[in-house]
Participant: 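Have a look at this one.
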2 protein chains.
Amino acid sequence: MSPPVAPSIAHEQHRLIHDIYVLLDDGDRRVLQKVNLSPLEFSVLQRLDTAQGRRLTDIGAELLCVKSTITRLVDRLEAHGLVRRTPDPDDRRAQRLLLTPRGLALRDEAMRLHDAAVERRMGLLDPAEQQQLRALLEKLRAGLSEELESDNR
Amino acid sequence: MSPPVAPSIAHEQHRLIHDIYVLLDDGDRRVLQKVNLSPLEFSVLQRLDTAQGRRLTDIGAELLCVKSTITRLVDRLEAHGLVRRTPDPDDRRAQRLLLTPRGLALRDEAMRLHDAAVERRMGLLDPAEQQQLRALLEKLRAGLSEELESDNR
DNA sequence: ATGCAATAGTTGCAATTGCAAGCGATTATA
DNA sequence: TATAATCGCTTGCAATTGCAACTATTGCAT
């Protein structure tokens with residue numbers, strides 16, 4: 001049970017976040033299965049709209065996955081009629097990705113289900129705690145993404 | 001940018017945790033690559049010792065992945081001489097999984113690297129904030145795992 | 001202007017993972 | 001104690017993902 005290396009506080013914290021993520025992701029997976037979406041597909045749909053659209057690379061950058069993953073995930077979504085690729089008017093290399101009406105409807109349905117499940121799970125903390133948690137996480141996220149950017153520079 | 005469904009507070013919080021996890025996981029991946037381990041492999045090694053060992057199924061349950069994933073992940077670790085399967089004396093169906101000396105050394109090396117990276121990243125919060133965060137996350141984790149258990153019942 | 005590096009996206013390939021079926025061992029039930 | 005249900009683990013198969021290589025386009029530096 002006890003490893004020879006003493007775990008640090010930060011390590012414990014990281015472990016906590018990891019455990020929680022695993023639990024949340026597992027819950028997400030079950031909920032989203034009802035609308036036949038994987039968590040990653042849902043993340044992509046969440047980032048789209050029906051008007052201007054987004055470029056594939058931008059989405060990949062936000063989700064920290066390689067371009068080819070987005071390409072093929074979008075292939076699937078498009079085959080299901082949920083999104084539509086359209087040429088970017090400003091850059092002939094790029095594609096803009098749009099939600100179709102059907103995609104919008106499914107996305108909203110998924111969000112309703114997902115939000116209800118998340119609400120229930122986050123309800124384990126009272127509102128004051130949720131507020132606290134949110135502030136801490138926002139600070140952490142800001143720092144982490146900044147660090148990531150400077151790493152990539 | 002703005003979706004037609006108003007995002008709830010809980011939803012925002014979930015999004016934060018998700019984003020942070022993605023960032024942390026990306027960081028983990030880079031660090032662990034230096035010792036040629038995937039995050040999941042590292043998670044498994046972290047849960048092992050050199051004495052009694054753990055059963056494969058128990059590890060899978062903790063990491064919320066199916067048994068076959070553990071089977072094959074252990075196949076790889078064993079092929080690299082990091083772990084060893086040994087029959088469970090109490091149950092002839094089961095295998096107990098042990099760290100080899102080499103596995104122990106690598107695990108400790110990985111933990112040193114990983115901890116240093118985590119320490120640096122969690123250092124974005126001051127000690128008081130880390131303390132706060134830890135308390136909140138522990139409460140959340142406890143609630144979530146309890147919920148998971150009752151789901152599976 | 002011209003050539004060279006960087007960028008957007010796609011494709012081939014290998015590795016990882018989940019699901020379902022299967023096999024031996026164990027526990028529960030009658 | 002016989003039989004059925006469950007459990008621990010493995011294997012076949014399909015799906016998802018990352019990496020590297022490639023094409024087409026853009027932008028920068030001369």
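This one's a predicted model, so the numbers in the text were calculated from it and none came from an experiment. What's counted below: heavy atoms across the whole structure, side chains too, no hydrogens, waters or symmetry copies. We name chains A, B, ... by the order of the sequence lines, and we start the count at 1 in each one.
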Participant: Scan B/Arg76 against the nucleic acid and name what it touches under 4.0 Å (heavy atoms): base, sugar-phosphate only, or nothing.
Facilitator: sugar-phosphate

Participant: Looking at A/Asp49, A/Leu99, A/Leu82, which hits side chain to side chain contact (heavy atoms under 4.5 Å, CB included) with A/Arg107?
Facilitator: A/Leu99

Participant: Looking at B/Glu109, I want to see if its CD is surrounded by more than 12 non-hydrogen atoms of other residues, nucleotides or ligands under 6.0 Å.
Facilitator: yes

Participant: Strictly below 4.0 Å: does B/Arg92 bring a side-chain N or O up to OP1 or OP2 of C/dG24?
Facilitator: no

Participant: A/Arg96 CZ to C/dG9 C1': how many Å, rounded?
Facilitator: 14 Å

Participant: Once you measure the plane-to-plane angle for B/His114 and A/His14, does it fall in the parallel (<30°), tilted (30-60°) or perpendicular (>60°) bin?
Facilitator: perpendicular

Participant: Could you tell me from which nucleotide to which nucleotide of DNA chain D, 5' to 3', there is an atom under 4.0 Å from chain A heavy atoms?
Facilitator: D/dT16 to D/dT26

Participant: Can B/Leu16 be reached from B/Tyr21 by stepping across I, L, V, M, F, W or Y side chains whose heavy atoms are under 4.5 Å apart?
Facilitator: no

Participant: On DNA chain D, check which nucleotide each of A/Leu64 and A/Asp91 is closest to and give me the residue with the more 5' one.
Facilitator: A/Leu64

Participant: Look at the side chain of B/Arg93 and the base of C/dT26, then say whether one donor and one acceptor between them are separated by less than 3.5 Å.
Facilitator: no

Participant: Is it true that atom CZ of A/Arg84 has more than 12 heavy atoms of other residues, nucleotides or ligands lying nearer than 6.0 Å?
Facilitator: no

Participant: Identify whether any heavy atom of B/Arg55 sits under 4.0 Å from a base atom; if not, whether one sits that close to sugar-phosphate; answer base, sugar-phosphate or nothing.
Facilitator: sugar-phosphate

Participant: A/Gln95 CD to C/dT11 P: how many Å, rounded?
Facilitator: 11 Å

Participant: Side-chain contact, heavy-atom cut-off 4.5 Å: A/Arg55 with A/Leu97?
Facilitator: no

Participant: Which part of the nucleic acid does B/Asp88 contact within heavy-atom distance under 4.0 Å: base, sugar-phosphate only, or nothing?
Facilitator: nothing

Participant: Is A/Leu148 linked to B/Val22 within one hydrophobic cluster, defined over Ile, Leu, Val, Met, Phe, Trp and Tyr using a side-chain heavy-atom separation of less than 4.5 Å?
Facilitator: yes

Participant: Tell me whether the side-chain N/O atoms of A/Thr71 come closer than 4.0 Å to OP1 or OP2 in C/dG9.
Facilitator: no

Participant: Identify whether any heavy atom of A/Leu40 sits under 4.0 Å from a base atom; if not, whether one sits that close to sugar-phosphate; answer base, sugar-phosphate or nothing.
Facilitator: sugar-phosphate

Participant: Output yes when at least one side-chain N/O atom of A/Arg85 is less than 4.0 Å from OP1 or OP2 of C/dT10, else no.
Facilitator: yes

Participant: A/Ile70 CD1 to C/dT10 C1': how many Å, rounded?
Facilitator: 13 Å

